[in-house]
Amino acid sequence: MALIDSYGRSIEYLRLSVTDRCDLRCAYCLPRGFRDFQEPEEWLCFTEVERVVGAFARLGVRRVRITGGEPLVRRGLPELVARLRQLPGIDDLSLSTNAVRLARHAEALRRAGVRRVNVSLDSLRPERYRAITGGGHLDKVLGGLMAAKAAGLKPVKLNMVVMRGENDDEVEDMVDFCLEHGFTLRFIETMPIGDSGRAAGDRYVDLASVRRRLARRFDLIPGVMPGGGPARYVRVAGSELRIGFITPISQHFCATCNRVRLAADGVLYPCLGQEHRYDFRALLRAGADDGDLEDAARAAIACKPERHEFREQPGKIVRFMSMTGG
Ligand code: SAM
């Protein structure tokens with residue numbers, strides 16, 4: 001069974017946001033001082049999450065990435081992971097986190113069924129990290145990364161949003177750091193999502209320039225690990241290091257998009273960069289049975305837009321990234 005959208009794309013990947021809250025305030029994601037979060041009663045409870053993910057799994061979704069907001073601020077996350085792990089059809093569970101709280105949770109998450117982890121890290125300099133994240137402590141993140149590695153989460157991928165004049169002088173340092181620790185590295189272009197994402201557009205860096213710059217110092221072998229995701233990868237010759245370039249602006253990857261996003265409040269977004277939305281919470285709380293949920297999942301996939309329009313209509317997406325689940 002496969003979920004095929006009207007552009008022939010097979011949807012097998014669900015990004016699941018478990019909270020819109022975050023313990024950091026990265027300038028391109030959430031405005032400083034932002035407090036207008038959803039109330040926890042508005043979030044799907046674990047049983048509701050399980051039912052929606054179960055419906056998608058019966059229709060062919062097999063990969064789930066838990067995200068947020070910051071997923072580690074949601075209490076009892078390992079329990080949810082263990083429940084999702086039991087769902088027939090789900091064979092890949094991963095986590096996106098800022099890693100501030102990962103040292104405490106890595107082992108329990110691994111035992112519950114998380115296989116791999118993506119960690120956002122935009123700077124290796126403590127003061128700069130604190131400035132970009134609105135007060136974050138780099139030492140906690142580094143502790144989280146080492147705990148992830150020790151717990152056997154593999155691969156550990158670092159996501160770095162590259163910003164002109166803010167951290168673009170660190171791309172080589174980040175490569176060295178990943179070479180040293182055996183992490184995978186991905187660079188990301190800023191996206192005009194929410195006011196904060198749009199404001200970060202003035203620091204936008206076309207990742208083609210980063211790639212050219214790295215090629216001066218490293219021998220980059222193209223074409224490894226296509227994997228169906230948005231990143232285009234190269235490998236650093238003489239090492240196992242993979243470097244991915246996620247280029248939603250300079251070279252969009254919508255033609256191969258294989259995913260949908262379920263927000264913490266049960267709204268399903270078939271596209272990160274469009275306003276289409278399907279309210280699964282309303283369905284659940286109106287007494288929908290499993291067949292109804294499957295019908296809704298099919299209907300949502302049938303209307304998945306062809307592509308985002310970040311370049312043509314940069315003002316379109318008003319919700320913050322932390323709402324949809326990055
Ligand atoms: N808190 C988790 C984390 O830090 O990975 C998961 C959610 S976070 C919103 C997911 C990713 O979205 C992070 O890598 C973050 O850097 C990225 N992100 C947020 N806003 C963005 C924007 N406007 N442009 C590009 N990436 C963005």
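When a ligand or atom number is given, it counts from 1 through the structure's own listing order. Values in this document were obtained by computation on a predicted structure and should not be read as measured data.
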For the residue pair [X] and [Y], confirm or rule out a side-chain donor-acceptor distance under 3.5 Å.
X    : Y    : value
E309 : Q274 : yes
T19  : E70  : no
R63  : S94  : no
T247 : E189 : no

Looking at [X], which atoms of ligand 1 are within less than 4.0 Å of one of its heavy atoms?
X    : answer
E189 : 25 (C)
C29  : 9 (C), 19 (C), 20 (N)
M191 : 22 (C), 23 (N), 24 (N), 25 (C), 26 (N)
T190 : 24 (N), 25 (C)
G197 : 23 (N)
T97  : 2 (C), 3 (C), 4 (O), 5 (O)
V161 : 16 (O), 26 (N)

Next on the checklist: Assess whether a salt bridge exists between R101 and D23, defined as any Lys/Arg side-chain N lying under 4.0 Å from an Asp/Glu carboxylate O.
Outcome noted: yes
Item to check | Salt bridge present between R281 and D265 (N-O < 4.0 angstrom) | outcome: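 Result for this pair is no, no salt bridge flagged.
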Checklist entry - Nearest heavy atom to atom 6 (C) of ligand 1: which of T67, L30, D20 does it belong to? => result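 It is T67 whose heavy atom sits nearest to atom 6 (C) of ligand 1.
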Next on the checklist: What verdict does the salt bridge (charged side-chain N to carboxylate O under 4.0 Å, His left out) test give for E166 and R128, after you've listed the backbone C-alpha separation in whole Å, the side-chain angles of each residue and the deciding distance to 0.1 Å?
Outcome noted: CA-CA 8 Å; E166 254 188 270; R128 188 182 274 184; over 6 Å; no
Face-on cation placement of [X] at [Y] ring, 6.0 Å and 45° thresholds:
X    : Y    : value
R259 : Y13  : no
R164 : Y204 : no
R319 : Y269 : yes

Checklist entry - Does G68 reach ligand 1, in the sense of a heavy atom lying below 4.0 Å from it? => result yes
Checklist entry - Does ligand 1 have any atom sitting under 4.0 Å from a heavy atom of G69? => result yes
Among all protein heavy atoms, pick the one closest to [atom] and tell me residue, atom and distance.
atom                    : answer
atom 16 (O) of ligand 1 : Y28 OH, 2.9 Å
atom 5 (O) of ligand 1  : S120 OG, 2.7 Å
atom 19 (C) of ligand 1 : M321 CG, 3.4 Å

Next on the checklist: Is atom 1 (N) of ligand 1 touching the protein, meaning some protein heavy atom lies under 4.0 Å away?
Outcome noted: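 Yes, because at least one protein heavy atom sits under 4.0 Å from atom 1 (N) of ligand 1.
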Next on the checklist: Are any of the N/O atoms on E70, whether in the backbone or the side chain, positioned under 3.5 angstrom from an N/O atom of ligand 1?
Outcome noted: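 E70 vs ligand 1: N/O contact under 3.5 Å present.
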Next on the checklist: One residue to check: V119. Relative to ligand 1, which of side chain, backbone, both or neither has a non-hydrogen atom less than 4.0 Å away?
Outcome noted: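 Answer for V119: neither.
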